[in-house]
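Small disclaimer: the values here were computed from a predicted structure and weren't measured. Chain naming here is simple, since letters A, B, ... match the order of the sequence lines and numbering starts at 1 in each.
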2 protein chains.
Amino acid sequence: MGDSGLRERKKARTRETILREAFRLFRERGYAATTVEQIAEAAEISPATFFRYFPAKEHLVALDRFPPLVEALAAQPPGPPVTVLRGAFRTAFAALSAEEIAAGHAREVFAATVPELLVANLRRSPGLIREVCEVVAGRAGCAADDPRIRNAVGAVLGVVAMVWLAWAGDTGMDGPAEIDRALAHLESGLSL
Amino acid sequence: MGDSGLRERKKARTRETILREAFRLFRERGYAATTVEQIAEAAEISPATFFRYFPAKEHLVALDRFPPLVEALAAQPPGPPVTVLRGAFRTAFAALSAEEIAAGHAREVFAATVPELLVANLRRSPGLIREVCEVVAGRAGCAADDPRIRNAVGAVLGVVAMVWLAWAGDTGMDGPAEIDRALAHLESGLSL
DNA sequence: TCCGATATGAGAGTCAACTCTCATGTGAGA
DNA sequence: TCTCACATGAGAGTTGACTCTCATATCGGA
């Protein structure tokens, strides 16, 4: 039952191949213009097998592999919402840098056609947002449905989304650092 | 060539019928679960005709009919980004209240399944965002690609999005007023 | 080495968005 | 009233995501 057998390793390798080839194609011709059949062919599997690895094409661009932001949030000391969220992003990205960026995945994710990526992920985000609000409210000593919490979380997510978009268009940018700078700016009241 | 003929009036009526029936079905069974064929049947037109009115099912939920935010922005006096944007939202919603909310459209839009509505619209938003950034930069006396502008616009849009979501889930809420309150909170530095 | 569980491929099939063509009907202007 | 432009319906066709079934191949344990 361990995951060390040849079978498991083979599955993991197939999974990686699918992801790698899929993102390569997305980069070349865009998300919508890439068919599952093409991905399957590039990964040298049958289309049927593709769906045994991913329940839907959408799931390829899921940010499930994103660093556990909520976890990082829970580890933050109490403080005002924006400060707590900024710290959480820093923590989460520190973990990501070591693992995912270094592994070369992150670049592929960002290089993928961005609007579609956002679109596919937004469908899953309401739950995440609620969770974030709850933890932040706890750290700030407010109720989870306090408008001030909602506003702070919204502002942070908006700022991060904008940087994210800019990052996707400029692979030379140091994303995590830029996000931290932007959140510092927000923390200081968006001064001019 | 005027738009006062019987032909034009008929087309307008058909268009309204399609929208009304579509949103009714969306509300009843969700966006994804509603097929174009069902919409066409409810509106008493053929599926082919549906596509003569809307190039894609997605276009039904486009916020193209949203108040001209960019226009309202251009009418704002110079000032810091958040202040300018807050004023623009107020102006834009004032126009909307009289026309669209009263016409009963707004409620239908908000009552529609929210995730898919957001998803469909996000695809069209990059252009809007860039436009907003440019105007705001002009009003604040900065370059359009100034990170501070980007951050402010991101924060405002994030805050508005959160209120919007809450509004969709609580039709009793006074959306425009709540958005204005939220932006005032952001303007004052998200104080606790 | 043999057997059972499981991964895969092949291929047919479903479903829905969207396109195209062609025939018909109905306003608009002369 | 006549005629032309155009809106519509009918219906077939295309595409791509996703499902199902069944035969085959391969791994893992006995």
Its contact letters, B for base, S for sugar-phosphate only and - for none at protein heavy atoms under 4.0 Å, make nucleotides 2-11 of chain D read ---BBSBBBB
Can you check the [X] [atom1] to [N] [atom2] distance for me, whole Å?
X: B:Arg29; N: C:dA16; atom1: CZ; atom2: C1'; result: 14 Å
X: A:Arg13; N: D:dC27; atom1: CZ; atom2: P; result: 11 Å
X: A:Glu37; N: D:dT14; atom1: CD; atom2: P; result: 16 Å
X: A:Arg9; N: C:dA7; atom1: CZ; atom2: P; result: 16 Å
X: A:Tyr31; N: D:dA17; atom1: OH; atom2: C1'; result: 10 Å

Decide side chain to side chain donor-acceptor pair (under 3.5 Å) for B:Ser46 and B:Thr49; before the verdict, give the C-alpha distance in whole Å, the side-chain angles of both, and the deciding distance to 0.1 Å. CA-CA 5 Å; B:Ser46 76; B:Thr49 299; 3.1 Å; yes
> Which pairs count as salt bridge (Lys or Arg N to Asp or Glu O under 4.0 Å) when at least one residue sits in residues 37-55 of chain B, sequence neighbours excluded?
Replying inline: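 Residue pairs with at least one partner in residues 37-55 of chain B: there are none.
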### B:Phe89-B:Val70 co-clustered via ILVMFWY side chain contacts under 4.5 Å
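Same hydrophobic cluster.
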*Validate the cation-pi geometry between A:Lys57 and A:Phe51: distance from NZ or CZ to the six-membered ring centre under 6.0 Å, angle to the ring axis within 45°.*
no
Residue set satisfying side chain to side chain donor-acceptor pair (under 3.5 Å) with B:Arg86, at least two apart, ordered chain then number -> B:Asp180, B:Glu187
- Message: Counting C-beta onward and ignoring hydrogens, is there a side-chain heavy-atom pair between A:Asp145 and A:Arg150 closer than 4.5 Å?
- Response: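 No - every pair of side-chain heavy atoms lies 4.5 Å or more apart.
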